[in-house]
Number of protein chains: 2
Amino acid sequence: MATATEKIYSIGDFAKAVGLTAPTLRYYENEGLIEPHRHANGRRYYEESDVNWVKFLLHLKGTGMSISELKQYVVWRAEGDATIPQRLELLKQVKADFLVQFNEVQHHLQILNDKINWYEEKETGITTDNENFASYLQRFGHHE
Amino acid sequence: MATATEKIYSIGDFAKAVGLTAPTLRYYENEGLIEPHRHANGRRYYEESDVNWVKFLLHLKGTGMSISELKQYVVWRAEGDATIPQRLELLKQVKADFLVQFNEVQHHLQILNDKINWYEEKETGITTDNENFASYLQRFGHHE
DNA sequence: TGTTGACTTAAAGTGCACTTGAAGTTATAT
DNA sequence: ATATAACTTCAAGTGCACTTTAAGTCAACA
């Protein structure tokens, strides 16, 4: 007894707490990612622990997991510790894919930076008059 | 004279050279990103310089630029040096947005790594029997 | 000479992750 | 008491970046 004062959230308040919209939360619920409680009148309510759960899901989502991958993860989680190997394998694959993307994106940034520098030097008249971007990159030893 | 042996590409060969499909190249052309030459019979052909141009566009795209932002960039580029300030401002904004995302995504990776480690320790029985993920993270001083 | 494969256009279709709309119920504030 | 704001469901719509289809033309090879 006396598990009294647990803070609860309406869908609107919960949406603010996790940085989503109410429709998005209903969509996630539909996709099987969340299962809020219901008041007697049918309205949803969320607890503090749901905040952490959704924030964790959003972190996973932010590493590149799709809604359906998240759903698979959630299903496995509901099945208990027996599915830990599957969950671990999924997360490791997500991580591997993430790292590939991460490296690619850093290369993209490198090129973007080079181009910005090239424009800035061109504006301030530092580069050779008609030097193009390709030859500019070569001066720095970059490729592509 | 004698700008002779310039290698040219059919759309299919060009697609392979830049890692896209022929339909995607036609789509990009429609969106105003590329403007290949045409043989007398109407068929497209691409030159070596187009390879570099498309690869550069793909780098910009990889930093988060949408097709319409790329188009804006291309339009300004076609207008000549007078639009360098606009192009520079666009690229700087793209970079700023990119860096925000980049930091967020690194935090997501941190959480993913923590979770993977947590599962691995749980599998090998290193963590306290029923320790949950939240308290596990606290042991490391992370939040969320 | 024929047939296979690559090309052409324009339009419609796909997949993802939401977002919006319609029609109705309930809770809160004046 | 009544207005308005927040909730409910279910279905349809949106935006992006392609992808696929249909119907046809053209080039290269056996």
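As a basis for the values below, the full set of heavy atoms in this structure was taken, side chains included, without hydrogen atoms, waters or symmetry mates. The sequence lines fix the lettering, A, B, ..., with proteins before strands; numbering per chain opens at 1.
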Q. Can you check side chain to side chain contact (heavy atoms under 4.5 Å, CB included) on Trp118(B) and Lys122(B), steps first, answer last?
A. CA-CA 6 Å; Trp118(B) 183 70; Lys122(B) 203 175 178 185; 4.0 Å; yes
Whole-Å distance between [N] [atom2] and [X] [atom1]?
| X | N | atom1 | atom2 | value |
| --- | --- | --- | --- | --- |
| Ile11(A) | dT26(C) | CD1 | P | 17 Å |
| Tyr27(B) | dG13(C) | OH | C1' | 14 Å |
| Leu60(A) | dA17(C) | CG | P | 14 Å |
| Asn30(A) | dC18(C) | CG | P | 13 Å |
| Leu20(A) | dA17(C) | CG | P | 14 Å |
| Met65(B) | dA17(D) | CE | C1' | 15 Å |
| Glu69(A) | dC16(C) | CD | C1' | 12 Å |
| Arg43(A) | dT8(D) | CZ | P | 7 Å |

(Q) Within the 4.0 Å heavy-atom criterion, would you say Tyr28(A) contacts the bases, only the backbone, or no part of the nucleic acid? (A)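 If one applies the 4.0 Å heavy-atom cut-off, Tyr28(A) turns out to touch the sugar-phosphate alone, with no base involved.
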Q.
Does Arg44(B) reach a base, just sugar-phosphate, or nothing at all? Heavy atoms under 4.0 Å.
A.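 Answer is sugar-phosphate: Arg44(B) comes under 4.0 Å of backbone atoms only.
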Q: Go through the steps for Leu58(A) and Leu20(A) under the test side chain to side chain contact (heavy atoms under 4.5 Å, CB included), then give the verdict.
A: CA-CA 10 Å; Leu58(A) 293 178; Leu20(A) 296 172; 4.3 Å; yes
Which nucleotide sits closest to the side chain of [X]: [options]?
| X | options | value |
| --- | --- | --- |
| Pro23(B) | dT20(D), dA17(D), dC18(C) | dT20(D) |
| Asn41(A) | dT26(C), dA17(D), dT8(D) | dT26(C) |
| Arg38(A) | dT19(C), dT9(C), dT9(D) | dT9(D) |
| Ile67(A) | dA17(C), dT8(D), dC26(D) | dA17(C) |

Q: Answer yes or no on whether Lys16(A) is positioned over the face of Phe14(A), meaning its NZ or CZ is under 6.0 Å from the six-membered ring centre and within 45° of the axis.
A: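 No.
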Q: Write down the atom of Glu79(B), the atom of Thr83(B), and the distance for their closest heavy-atom approach.
A: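 Glu79(B) and Thr83(B) have their closest heavy atoms at OE1-CG2, 3.2 Å.
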Q) In terms of heavy-atom contacts, does CD of Glu35(B) have more than 12 from other residues, nucleotides or ligands at under 6.0 Å? A)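 Incorrect, the count does not exceed 12.
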Is the distance from OP1 or OP2 of [N] to the nearest side-chain N or O of [X] less than 4.0 Å?
| X | N | result |
| --- | --- | --- |
| Ser10(B) | dC7(C) | yes |
| Lys16(A) | dA6(D) | no |
| Lys71(A) | dC16(C) | no |
| Ser68(B) | dC16(D) | no |
| Thr21(A) | dC18(C) | no |

